[in-house]
Asks: 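Take this structure first; my questions come after.
FYI, side chains are in, hydrogens and waters are out, and symmetry mates aren't considered; it's all heavy atoms of this structure. In this chain, residues are counted from 1 in sequence order.
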Amino acid sequence: KWHNELKHPHEHGILIEELVDIIDSTLIKRFATKKEYGTVLMMQGLYDVLSLSERQRYFKSNKMLGRELIGHVLANELMNRWKYRALIHGKQSNSYATYDRSYNIDKLYEDIRNIVNVQCKSIGYELRASDPNAHDIISAQQLGYAAVHTWLSFREQQQQQQQQQHSAYNSNNGTLIIINGSDVLQMNLSDYLQKHLQIHDPSSYEKQTFFHEKYKIDSLGSKVACSYMIRLNKAELRDSKKLRLYSQLAACEESNFVKNFSYIAQL
C-alpha cells in the first residue's frame, strides 16, 4: 500500500474497490495528458490477496473461478465508474471550468463517452503457446543441463555402490530441477509434497499453493517496475492545476478527489 493506510478497515486482504482505485487513478492521469489508451497488466494471483469477504462476494470463494474472472470484474467496475461520471458531467457540465484554453472538459467528456472501453483479455494461454523468447531458451538450457547432470551423478553413485538398477531408481525417483533466482537446484518432489502440501487430503488444495513464494515489494525488480508505472503520486495532489483537472475528469470536488485517491498515491 506504498506506506499508506487501507481505505477501509477490514480483515486481512485487500478490496476490489482498492484495486479499481489504483487503475482508475491511472486512467484519469492518462486522460489528463490526452492519451486515451493504455494497458494494465494484472496477475491472476491478485485473487489470493483479496479479503475473504471479497472472495465470497464476487467469486463465491472459488479459487479457480476467481483467478479466471478477477480481470473481468475489475474491467466492469471501471466501466461503471466512467459511465456514471459521464452521466454526472452531462447534468453538471455548466459547473465545470476548463483547465486551460486548449483543454475543454465538455469536449473531452464527449470523447470519453465514445472511446472509454475497458476490456479484459486473458493472455495466459497465448503466452504459453507463443514461440520461446531468449529467456525461455536460456531457462531450458539450464534446466536441461542440470537434469542430465543430476541423472549422470545418480548413475555414477549406483556404479560406485554396486546397487541394483531398480533400487537406484526407487531411491532417486521424483527429483525435480528448479530455478531459484540465479541458482539451479534439485529437490526431492515426494518429500516436498508430503511436508508442505498434504497430498493425502484433497480438500487441502484451497489452502495450499504449489511452490508459493510471496512477492517482495522491496526487491530491486519491484522498485524498477514501479518506477516505470504510470501511477498517481502525492506531488500531483499538491499541484493545484493538476488536481483541478483530475477532479474535473473524476466528476467530483477537489477535496473529494484527494479523499478518495490519496491513500493509493505513491510517494
Asks: Restricting to non-hydrogen atoms, name the atom on Met79 and the atom on Asn117 that form the minimum distance, rounded to 0.1 Å.
Replies: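 Of all heavy-atom pairs spanning Met79 and Asn117, the closest is SD-CA, 3.8 Å.
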
Asks: Testing the basics here: between Phe257 and Ala250, what is the closest heavy-atom pair and its distance to 0.1 Å?
Replies: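 Between these two residues, the closest heavy atoms are CD1-CB, 3.8 Å.
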
Asks: First locate atom CD1 of Ile123, then atom OG1 of Thr39, and finally report the distance between them rounded to the nearest 0.5 Å.
Replies: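 Here the rounded value is 9.5 Å.
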
Asks: For Glu54 and Ile14, which heavy atoms make the closest approach, and how far apart are they?
Replies: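 Heavy-atom minimum between the residues: CG-O, 3.8 Å.
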
Asks: Return yes when atom CD of Glu253 has more than 12 non-hydrogen atoms of other residues, nucleotides or ligands closer than 6.0 Å, and no otherwise.
Replies: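 Incorrect, the count does not exceed 12.
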
Asks: Could you list all the ring-ring contact (aromatic ring centres under 6.0 Å, His included) pairs where at least one residue sits in residues 128-149, not counting sequence neighbours?
Replies: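 Pairs touching residues 128-149 that pass the test: none.
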
Asks: Any donor-acceptor pair under 3.5 Å linking the side chain of Lys242 with the backbone of Leu237?
Replies: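 No; judged by distance alone, with no hydrogens or angles, the pair does not exist.
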
Asks: Can you run down the side chain to side chain donor-acceptor pair (under 3.5 Å) pairs that involve residues 125-134, sequence neighbours left out, and say none if there aren't any?
Replies: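 Qualifying pairs: Lys121-Glu126.
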
Asks: Between Asn260 and Asp21, what is the shortest heavy-atom contact and its length?
Replies: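 The answer is O-OD2, 4.1 Å.
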
Asks: So how far is it from Ser122 OG to Met42 CE, rounded to the nearest 0.5 Å?
Replies: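 Atom-to-atom, Ser122:OG and Met42:CE are 10.0 Å apart.
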
Asks: Checking side chain to side chain donor-acceptor pair (under 3.5 Å) between Tyr246 and each of Lys241, Glu254, Lys29, Glu236, which is the one that passes?
Replies: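 It is Glu236; the other options fail the test.
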
Asks: Is there side-chain contact between Arg85 and Leu249, with at least one heavy-atom pair below 4.5 Å?
Replies: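 Counting from C-beta outward, Arg85 and Leu249 never come under 4.5 Å.
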
Asks: Is there a donor-acceptor contact under 3.5 Å from the side chain of Ser247 to the main chain of Leu243?
Replies: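 The answer is yes, because a donor-acceptor pair under 3.5 Å joins these two groups.
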
Asks: Can you hop from Val184 to Phe154 via hydrophobic side chains spaced under 4.5 Å?
Replies: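 No: no chain of side-chain contacts under 4.5 Å links Val184 to Phe154.
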
Asks: In the single-linkage hydrophobic clustering (I, L, V, M, F, W, Y; side-chain heavy atoms under 4.5 Å), do Val49 and Ile70 co-cluster?
Replies: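 Yes, Val49 and Ile70 fall within the same hydrophobic cluster.
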
Asks: Does Arg231 reach the main-chain N or O of Ile264 with its side chain, forming a donor-acceptor pair under 3.5 Å?
Replies: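 Yes, the answer is positive, given that a donor and an acceptor are paired below the 3.5 Å cut-off.
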
Asks: Rounded to the nearest 0.5 Å, what separation is found between the CD atom of Gln44 and the CG atom of Leu69?
Replies: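 These two atoms lie 10.0 Å from each other.
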
Asks: State yes or no: do Leu46 and Leu41 share one hydrophobic cluster built from I, L, V, M, F, W and Y residues joined by side-chain heavy-atom distances below 4.5 Å, directly or via other members?
Replies: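 No, Leu46 does not connect to Leu41 through the hydrophobic network.
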
Asks: Answer with yes or no whether the hydrophobic clustering places Tyr47 together with Leu65; edges join I, L, V, M, F, W, Y residues whose side-chain heavy atoms lie under 4.5 Å apart.
Replies: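 In one cluster with Tyr47: Leu65, yes.
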
Asks: With a 4.5 Å cut-off on side-chain heavy atoms, are Ile23 and Leu78 touching?
Replies: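 They are in contact (side-chain heavy atoms under 4.5 Å apart), so the answer is yes.
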
Asks: What's the spacing between Glu17 CD and Asp24 CG if we round to 0.5 Å?
Replies: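 Glu17 CD to Asp24 CG: 10.5 Å, rounded to 0.5 Å.
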
Asks: Say you draw a straight line from CE of Met229 to CD1 of Ile22; how long is it, rounded to the nearest 0.5 Å?
Replies: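 The distance works out to 9.0 Å.
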
Asks: What closest approach, in Å, do Ser227 and Val224 show between heavy atoms, and which atom pair accounts for it?
Replies: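 That would be OG-O, 2.5 Å.
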
Asks: Under the 3.5 angstrom rule, does the side chain of Ser51 hit a backbone N or O of Leu15 as a donor-acceptor pair?
Replies: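 Looks like no, no N/O pair under 3.5 Å.
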
Asks: Keeping the roles fixed (side chain from Arg30, backbone from Tyr37), state whether a donor-acceptor pair exists under 3.5 Å.
Replies: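 Yes; at least one donor-acceptor contact below 3.5 Å.
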
Asks: Looking at Gly71 and Cys120, what are the two nearest heavy atoms and their distance?
Replies: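 For Gly71 versus Cys120, the nearest heavy atoms are C-SG, 3.4 Å.
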
Asks: Distance-only, no hydrogens or angles: does the Arg55 side chain make a donor-acceptor pair with backbone N or O of Leu50 under 3.5 Å?
Replies: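 Such a contact is found between Arg55 side chain and Leu50 backbone.
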
Asks: Got a sec, which residues hit salt bridge (charged side-chain N to carboxylate O under 4.0 Å, His left out) with Glu77, two or more places apart in sequence or on another chain?
Replies: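 Glu77 satisfies salt bridge (charged side-chain N to carboxylate O under 4.0 Å, His left out) with no residue once adjacent residues are dropped.
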
Asks: Just how far is it from atom CD1 of Ile177 to atom CD1 of Ile179, taken to the nearest 0.5 Å?
Replies: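 Ile177 atom CD1 to Ile179 atom CD1 measures 10.0 Å (nearest 0.5 Å).
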
